[in-house]
Amino acid sequence: MDVNVNTPSNFIRNIIDEDLASGKHKKIITRFPPEPNGYLHIGHAKSICLNFGLAKDYNGTCHLRFDDTNPEKEEVEYIESIQNDVRWLGFDWGEHLYFASDYFDQLYGFAVELIKQGKAYVCELTAEQIREYRGTLTEPGKDSPYRNRSVEENLDLFERMKNGEFEEGSHVLRAKIDMASPNVVMRDPVLYRIRKVSHHRTGDKWCIYPMYDFTHCLSDAIEGITHSICTLEFENNRPLYEWILEQVFPDPHPRQIEFARLNLSYTVMSKRKLLRLVESGVVSGWDDPRMPTIAGLRRRGYTPEAIRDFCDRIGVAKANSVVDVALLEHCLREDLNRTSPRTMAVLRPLKVVIENYPEGQVEYLEAMNNPQDPEAGTRLIPFAREIFIEQDDFMLDPPKKFFRLAPGREVRLRFAYFITCTDVVYDDEGNVVEIRATYDPETKGGSAPDGRKVKATLHWVAADHSLPAEIRLYDHLFNKEDPNEGELEENLNPNSLEILTDARVELNMKDVQPGDRFQFERQGYYCVDVDSSPEKLVFNRTVPLRDTWAKMQDK
RNA sequence: UGGGGUGUAGCCAAGUCGGUAAGGCACAGGACUUUGACUCCUGCAUUCCCUGGUUCGAGUCCAGGCACCCCAGCCA
C-alpha cells in the first residue's frame, strides 16, 4: 500500500522540486544519521519517514549512516537495535549502510589539508580556557595564543596527537575562522579531540576523534548526499558545515536543511529524560509499552503502518510545535480497525446464569472475525448456561441514558441470544455478585423474528469455556500535557498501568503468539505481550475504542 | 544590549506570479448500527502576531514593533 500518496506538500519537497527542475540534481540522496547511543523514538521515526520517504517518492536513495564519532557514549548494542527498528518501520537502506568511523582515514586527510591551507591549528588551551577565550553571546572572543603557529608545527603536532604522544585534553585541532564572529559556532570550533578509549568499530586504531561538525558535512559529501536534513538546533551550525566543505571538498556540496523536531503532548522525547525513567525504574525498560520508543510502541501493539501514516500527516515545517497525541492514536485505530481480528474478552467478569438454558448444554455460535473485512471469515464461540459479562454492562439503578443490562431489561449478547435480567444475587456486603436471566431461544444469532429491538449489545464469554488471562491496561505515562513543565516525576500519571488478573478471553485465544493483535469487541485493541505463554496469557491494551458513553458520563 | 530562526482555528498544517483562507486531529450536533465502535452527513478563521504603508485588491510586497525557540560541550 502506498501511504505516501497523500503526503502533503512541504518546504523540503519544494526545494527538491526546484533542484530537480533546475537540473541541479538528477537524483536525490538523503540519509538518516543516528548516533548509536540510545534507542530510537517516535521523534526519530519522523526523521526516518521523512528521509526514506523522500528518497522513495523521488526515486532516490536514502543511506543509513551511524554517526559514531564519540566512542565514550556509543555501543554496538544500539547499532543492532537501530537497524532493527528502522527495518521494522518498513524501510530498506539496501547496500547503503555506512559508518562515519569508516571515514576516519579520509577525515584525517581533510584535516591535514586544512592545516596545510593555514586554516586549522593545534591549540593547547585547556577546555576551560577555550571557553573563556570564546567570549559570550554579546562579546567577541579573543584569539588563542596558539593560533598563529606555522603550518609545519601544526602538521607535526597534529600527527603527534594522532600518535598518542599527548594526554587527553591537552591538545585539540581547531579551525581558524573568526573569534569575533557573531555566530559562536564560528569562533575557531574544535575539530578533533584526544580520547584514549577504544572505539566499538575501529578498536584502538585512533586516539583522536573528529567532532560532529567536522564529520557530518564531510561524511555527507563523501556519500554524495544531496539534501542533508536535520533538526532546527543545527541551524547555527550550517555556516560551519558550508565553510568546511568550501575549504576542502570539490563541488557539488550537499545542502543542509533544518526542520522542527517532533514533540507530542503527554510525552517526553529527550533521550536524557527517557533514560532517567528507565534508570529510576518508573518504567520497566526501554521497551516498556508506555515509552515513546519504537521498541515500546512495538510492544504496546502499534503497527509500522500507523506510525508511518502519522508521520505523513503531521507535516514538516520549521515552527516549533506540539502534536496532539490523539492524532497518533487516531492513526493507530484507523489501521487496527481495518486489520485486527475481533474477539470477545471480559475484563472484569460478572457471572450471569441463564435459568432457562439447559444445564450442561454447550452450543457453538458463529461470529464474524472482522466486519470490516469479510475475507477474515468466521469462528465458532461456545455458549452455555453460565456466562460472564462486563461488570460495567450492568447497573442496578440505571440512569436515563444507560442502555445496557439492568433488572427487568432485555439486551443482546453479541452473536448469541437476547437475554432478560430476572434477578440479582448479592453477597453479605450487598455487592452484586451474580445475575439471573432468561434467554429467548428464538433470537439465536442475535436477531428477533418478531422484529423487536434491544438498545444494547453486550460482549460475553462462557464461564466454563473460556480462558483466564492477565490484561495490562496502559494509559499516558504523564497526566500533564507538557510533562517538561515542572518536575518530571511529579507529572507522572499514577494510573498509567493497571493490571487485571481475573479477565476471561475466548477459547480461540489458546494458541496466540506474542505480537498478535486483536480487537476486544466494544473495548479496544490489544496485543499479546512477550511475557505471555500458553500457561499464562498476557495482553497489552494498545489503545481503547472511542467511548462516547464514557464521555457522556464525564459530563 | 550579539547572531540565527519561527509566528495561519483548541492542536498540526497547506497556501507557487499579490485575486478574495486547503486538509487532518480535536470538539459539537445528526443519520446508521448485532461493537454506545466503524462509516456517513452538518457545523467549526469576515481572518492569517501587532501597527502602519503600497495596491482596485495583501496571509502573501514594504517599514516598524511584539512574542517565542536555538547558540557560549574537547556532545550530537
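Quick note on labels: first sequence line is chain A, next is B, and so on, each numbered from 1.
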Inset, instruction - Tell me which of H330(A) and F520(A) sits closer to the 5' end of RNA chain B, going by the nucleotide each one is nearest to. - result: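 Its nearest nucleotide lies further toward 5', so the answer is H330(A).
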Legend entry - Most 5' of N370(A) and A326(A) on RNA chain B, judged by nearest nucleotide: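 First, find each residue's nearest nucleotide; the 5'-ward one identifies A326(A).
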So what's [N] paired with, Watson-Crick or G-U wobble, going by both distances under 3.5 Å?
N	answer
G36(B)	none
A45(B)	none
A13(B)	none
A63(B)	U51(B)
C68(B)	G5(B)

Result block: side-chain N/O donor-acceptor pairs under 3.5 angstrom for residues 173-182 of chain A, not counting sequence neighbours:
residue: R174(A); atom: NH1; partner: D188(A); partner atom: O; Å: 2.8
residue: K176(A); atom: NZ; partner: R147(A); partner atom: O; Å: 3.2
residue: D178(A); atom: OD1; partner: A180(A); partner atom: N; Å: 2.8
residue: S181(A); atom: OG; partner: N183(A); partner atom: N; Å: 3.1
residue: S181(A); atom: OG; partner: N183(A); partner atom: O; Å: 3.2

Regarding [X], tell me which of base, sugar-phosphate or nothing describes its non-hydrogen contacts under 4.0 Å with the strands shown.
X	result
Q372(A)	base
R313(A)	sugar-phosphate
V316(A)	sugar-phosphate
R342(A)	base
R404(A)	base
S9(A)	sugar-phosphate
K401(A)	base
F402(A)	base
Q519(A)	base

Could you work out the separation of [N] and [M] based on their [atom1] atoms and round it to a whole Å?
N	M	atom1	value
C70(B)	G65(B)	P	24 Å
C12(B)	C49(B)	P	14 Å
U6(B)	C48(B)	C1'	15 Å
G23(B)	A67(B)	P	35 Å
A76(B)	C61(B)	P	39 Å
A14(B)	C41(B)	P	26 Å
G73(B)	C68(B)	C1'	25 Å
G29(B)	U16(B)	C1'	38 Å

Inset, instruction - Using distance alone, with no hydrogens and no angle criterion, decide if E390(A) and H459(A) have a side-chain donor and acceptor under 3.5 Å apart. - result: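 There is such a pair (donor and acceptor under 3.5 Å, judged by atom type) between the side chains of E390(A) and H459(A).
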Inset, instruction - Verify the distance criterion only: is there a donor paired with an acceptor across the side chains of Y39(A) and E77(A) at less than 3.5 Å? - result: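 Checked: Y39(A)/E77(A) side chains pair up, N/O donor to acceptor below 3.5 Å.
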So if I take every side-chain heavy atom of [X] and compare against [options], which nucleotide ends up nearest?
X	options	result
T138(A)	C38(B), G2(B), A13(B)	G2(B)
A319(A)	U35(B), G7(B), C27(B)	G7(B)
E521(A)	G36(B), U35(B), G5(B)	U35(B)
N10(A)	G36(B), A14(B), G24(B)	A14(B)

Set of residues satisfying side chain to side chain contact (heavy atoms under 4.5 Å, CB included) with respect to [X], sequence neighbours excluded:
X	answer
K400(A)	none
N37(A)	E35(A), K73(A), E74(A), K271(A)
R541(A)	L473(A), Y526(A), P544(A)

Inset, instruction - On the 0 to 90° scale, with breaks at 30° and 60°, tag the H44(A)-F32(A) ring pair as parallel, tilted or perpendicular. - result: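 Plane angle over 60°, so perpendicular.
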Legend entry - Centroid-centroid distance, F383(A) to W460(A), less than 6.0 Å: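 Yes: the rings meet the under 6.0 Å criterion.
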Legend entry - F234(A) and Y212(A) aromatic centres sub-6.0 Å: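 Between F234(A) and Y212(A), the centre distance is under 6.0 Å.
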Does [X] make a side-chain N or O approach to OP1 or OP2 of [N] shorter than 4.0 Å?
X	N	answer
N14(A)	G15(B)	yes
H459(A)	U35(B)	no
K318(A)	C69(B)	no
R546(A)	C38(B)	yes
S321(A)	C11(B)	no

Atom [atom1] of [X] and atom [atom2] of [N]: how far apart are they, to the nearest Å?
X	N	atom1	atom2	result
D373(A)	C38(B)	CG	C1'	14 Å
R333(A)	U35(B)	CZ	C1'	14 Å
N263(A)	U6(B)	CG	P	17 Å
M552(A)	A37(B)	CE	P	10 Å
D324(A)	A9(B)	CG	P	15 Å
Q256(A)	G4(B)	CD	C1'	12 Å
R412(A)	U33(B)	CZ	P	11 Å
K455(A)	U35(B)	NZ	C1'	17 Å

Inset, instruction - Could you check if the base of G73(B) is syn or anti? Syn means the glycosidic torsion is within 90 degrees of 0. - result: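 You should classify G73(B) as syn.
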Legend entry - nucleotides 71-76 of chain B: protein proximity per nucleotide (B base, S sugar-phosphate only, - neither; heavy atom, under 4.0 Å): BBSBSB
Inset, instruction - Using side-chain hydrogen bond (donor to acceptor under 3.5 Å, both in side chains) as the criterion, list what pairs up with S270(A), not counting sequence neighbours. - result: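 Partners of S270(A) under the side-chain hydrogen bond (donor to acceptor under 3.5 Å, both in side chains) test: none.
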Legend entry - Whether R342(A) side chain and M368(A) backbone form a donor-acceptor pair below 3.5 Å: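 No: the side chain of R342(A) does not pair with the backbone of M368(A).
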